[in-house]
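Keep in mind the model is a prediction, meaning the values are calculated, not measured. Numbers restart at 1 for each chain; the letters A, B, ... are given by sequence-line order, proteins then strands.
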Protein chains: 2
Amino acid sequence: MAEFDVRPALPQDIPAIVNMLADDPLGAQRESPDDLAPYQPAYQRVADDPNQHLVVAVHEERVIGTLHLTIIPGLAHRGTTRGLIEAVRIHADMRGHGLGTHLIRWAIEESRRQGCRLVQLTSDATRTDAHRFYENLGFSATHVGFKLKL
Amino acid sequence: MAEFDVRPALPQDIPAIVNMLADDPLGAQRESPDDLAPYQPAYQRVADDPNQHLVVAVHEERVIGTLHLTIIPGLAHRGTTRGLIEAVRIHADMRGHGLGTHLIRWAIEESRRQGCRLVQLTSDATRTDAHRFYENLGFSATHVGFKLKL
């Protein structure tokens, strides 16, 4: 596994992040790497919210992975704060080297650091490789994830 | 369906909310309605975050339902902000009267008002009645929900 740093995403990382979001059978249908306009205000909204942690993994100044962690306080489970992981992507050139594992472990440690006692995520039902990956990291597939497009 | 109002939860609503969270086969194992101490700081953390909308449904000054909506900005899906619904509960006396439907519809409308283009939630795989309920409201069970306790 190549060495890499995890750091907060900067505005200049937006193209690299969007390219990774789009480089995927599901992402290709819904992202627009040739039109970054919708991503700029979204980035700003994320950057302005202290509970959003949009990060990139960087190796030799190149962005090779991304992950978005949201810290969510709540009353359920005796007042458990939870970490929600979204939008995990590894650059196509860097897959299969354990970077995804390191990135998820980063999110778990950051969640713990922020006082979370639960980490959760959903994965598209068609991504069966991802499901094994999360189970190997200790996650349990206990829930059904529902989505409604507005 | 009895008329009811949806309003932000106040500190004095904590006992009623926790009682509803606990009055459920899963909740009974993990909530502590006789010890509200862990819920007070959690409530404060929710109340201090403008993206958290912990609400109660009230009928004749009685709390009969609760729902927690989190607004989550993000880059994925062309910069889609999403609404995440958690901790939906209806008081046992009031179930089967459509209150759950009204509460979820409130969360969908509030998400729309806040610029969301996606609403999501997870439901424990054992709650098959809840799954039908969400599908009837237009949600699609497209994802697997993973949890990791810390």
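Heavy-atom minimum distance, A/Asp124 versus B/His143: N-CD2, 3.2 Å. A pairwise comparison of heavy atoms in B/Ser111 and A/Leu150 identifies CB-CD1, 4.2 Å as the closest pair. The shortest heavy-atom contact between B/His68 and A/Gly74 is CE1-CA, 3.8 Å. Heavy-atom minimum distance, A/His77 versus B/Glu31: N-OE2, 2.6 Å. Between B/Tyr43 and A/Leu75, the closest heavy-atom pair is N-CD2, 3.5 Å.
With a 4.5 angstrom heavy-atom cutoff, B/Leu54 touches chain A only via side-chain atoms. Heavy atoms of B/Leu84 lying under 4.5 Å from chain A belong exclusively to its side chain. Both the backbone and the side chain of B/Ser123 come within contact range of chain A, judged by heavy atoms closer than 4.5 Å. Within the 4.5 angstrom heavy-atom criterion, only side-chain atoms of B/Gln52, from C-beta onward, approach chain A. With a 4.5 Å cut-off on non-hydrogen atoms, B/Thr81 touches chain A through its side chain but not through its backbone. Using a 4.5 Å cut-off between heavy atoms, B/Leu21 contacts chain A through its side chain alone, with no backbone atom that close. Neither the backbone nor the side chain of B/Asp48 comes within contact range of chain A, judged by heavy atoms closer than 4.5 Å. Only the side chain of B/Ile17 comes within contact range of chain A, with heavy atoms under 4.5 Å apart. Heavy atoms closer than 4.5 Å to chain A are found in the side chain of B/Glu86, but not in its backbone. With a 4.5 angstrom heavy-atom cutoff, B/Arg82 touches chain A only via side-chain atoms.
Among A/Arg30, A/Lys147, A/Gln120, the residue making the largest number of heavy-atom pairs under 4.5 Å with chain B is A/Lys147. Comparing B/Thr70, B/Ile14, B/Ile72 by how many heavy-atom pairs each has under 4.5 Å with chain A, the most go to B/Ile72. No other option in A/Thr122, A/Val119, A/Val144 has as many heavy-atom pairs under 4.5 Å with chain B as A/Val144. Residue with the most contacts toward chain B among A/Ala130, A/Ala141, A/Gly145: A/Gly145 (heavy-atom pairs, distance under 4.5 Å). Here A/Pro73 is the residue among A/Gly79, A/Gly138, A/Pro73 with the most heavy-atom pairs under 4.5 Å with chain B. Note: B/Arg45 leads B/Arg45, B/Arg112, B/Arg89, B/Glu135 in heavy-atom pairs under 4.5 Å with chain A. The residue among B/Arg78, B/Gln29, B/Gln40 with the most heavy atom pairs within less than 4.5 Å of chain A is B/Arg78. Across B/Ile108, B/Val46, B/Leu36, the residue that shares the most heavy-atom pairs under 4.5 angstrom with chain A is B/Val46.
For A/Asn51 and B/Asp49, the side-chain atoms include at least one donor-acceptor pair closer than 3.5 Å.
Both A/Ile90 and A/Phe139 sit in one connected hydrophobic cluster of ILVMFWY residues. Membership requires side-chain heavy atoms under 4.5 Å apart, directly or through other members. A continuous path of ILVMFWY side-chain contacts below 4.5 Å connects A/Val88 to A/Leu121, so both sit in one hydrophobic cluster. When the side chains of ILVMFWY residues are joined at heavy-atom separations under 4.5 Å, either directly or via intervening members, B/Leu118 and B/Ile71 end up in two distinct hydrophobic clusters. There is no path of hydrophobic side-chain contacts, each under 4.5 Å, that joins A/Leu99 to A/Val58. B/Leu67 and B/Val63 fall into different hydrophobic clusters, where Ile, Leu, Val, Met, Phe, Trp and Tyr side chains are chained together by heavy-atom contacts under 4.5 Å.
Ring geometry for A/Phe146 versus B/His131: interplanar angle of 30 to 60°, hence tilted.
Heavy atoms from other residues, nucleotides or ligands lying under 6.0 Å from CZ of A/Arg105 number 12 at most.
Rounded to the nearest 0.5 angstrom, B/Arg117 CZ and A/Leu148 CG are separated by 13.5 Å.
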* **Verdict with reasoning, A/Thr80 to B/Lys149, per side-chain contact (heavy atoms from CB on, under 4.5 Å)** => CA-CA 10 Å; A/Thr80 288; B/Lys149 286 187 190 160; over 6 Å; no

